[in-house]
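Data first, discussion second: the structure below is written as structure tokens.
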Amino acid sequence: RTNLIQLEKKLLSNFSHSNFSEPDNNINTTIAEPLAYPISSTFVQDDKIESSELVITPIVDGHKKMGVTELIPQKTRIGFYILPFIALQGSDGLDYLHSALKANMEHDLGFASGWRVGAETNRLFLEAEFSYNRNELKGRAELANGIPGFSNLSSRGESESFGFMINAGAKYDLSEKIHFLLGAGFGGMNQEIGFTLAGFPVPESEQTIFAAQILGGLNYQLAQNFRIGARYRWMRVSKMDLFAYRSLHLAELSLGYFF
């Protein structure tokens, strides 16, 4: 029996010095808890901060921060355009100025055409305008100190003009493709007027004079490089040596190239 007891002690002694280590009572600290934040996240933890004070900083793309699109500064873009146009034209004024003859002219509906070349930014535009205008004229003329019954004479004629204007103004976006514009311009106009009096031709009058205008209209971007536009222009033309001031009202349609 004594031998058995000694053998048991010897076995127990060998077992306590074997390669097996005692279980780790803190094993729970070595096991990762389920993540409460995305795997792609990073966190900063100070050794002295309690686990309840853990600071988590998610990695999020800049343009997705707080669900708001990141604002990227846009450079001012300068575009250029070439717009041929046609227009219906009405006019008034243009009375004949002569000491021996008073003629009040009526103007038939005329037409105009031309080209417009310009540059623009998101808010402003500057352009050069070349135009041709034509109107038929008719009216009655009275001779001063004329013979009774012969002092009231009929007159017919036409007016033609070639103009060059510089226009500038502002643009306002009504939508992505529709823009409203408002502006003014000035320039010169070569105006030629001729008419007949009671069937007899009166010498033509031609003169280059000053003109100014105000304008408003809409542009619609048909495609990336094509634009259609509508404008109203009111133009004031200075008087000539033999004709009074003249006002033009133009309703025009343009179609051209934008780049």
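In this structure a side-chain-to-backbone donor-acceptor pair under 3.5 Å is present from Asn225 to Phe258. Between the side chain of Gln191 and the backbone N or O of Glu206 there is no donor-acceptor pair closer than 3.5 Å.
The shortest non-hydrogen separation linking Phe243 to Ser205 is CE1-CB, 3.7 Å. For Glu136 against Gly157, the heavy-atom pair with the smallest separation is OE1-O, 3.4 Å. Closest of all the heavy-atom pairs between Leu83 and Arg227 is CD2-O, 4.2 Å. Here the closest non-hydrogen pair linking Gly217 and Phe180 is O-CD1, 3.3 Å. Nearest heavy atoms, Ser254 versus Phe85: CB-CB, 3.8 Å. Between Pro201 and Thr196, the shortest heavy-atom distance links the atoms CA-CG2, 3.9 Å.
To the nearest 0.5 Å, the span separating CG on Leu88 from NE2 on His249 amounts to 13.5 Å.
Aromatic pair Phe226/Tyr257: centroids less than 6.0 angstrom apart.
The number of heavy atoms from other shown groups lying within 6.0 Å of CZ (Phe186) does not exceed 12. Applying the 6.0 Å contact sphere to CD1 of Ile86 captures no more than 12 heavy atoms from other residues, nucleotides or ligands. More than 12 heavy atoms of other shown residues, nucleotides or ligands fall within 6.0 angstrom of atom NZ in Lys171. Within 6.0 Å of the CD1 atom in Ile78, the count of heavy atoms belonging to other residues, nucleotides or ligands does not exceed 12.
For the residue pair His179/Tyr220, the side-chain donor-acceptor check at 3.5 Å is not satisfied. No hydrogens or angles considered: nothing links the side chains of Asn190 and Gln207 as a donor-acceptor pair under 3.5 Å. A donor and an acceptor atom, one from each side chain of Ser159 and Arg246, are located under 3.5 Å apart.
Cation-pi contact between Arg123 and Tyr172: absent, since separation from the ring centre below 6.0 Å together with deviation from the ring axis within 45° is not met.
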Task: side chain to side chain contact (heavy atoms under 4.5 Å, CB included) between Leu253 and Ile228, worked out - done: CA-CA 8 Å; Leu253 184 68; Ile228 187 171; 4.2 Å; yes
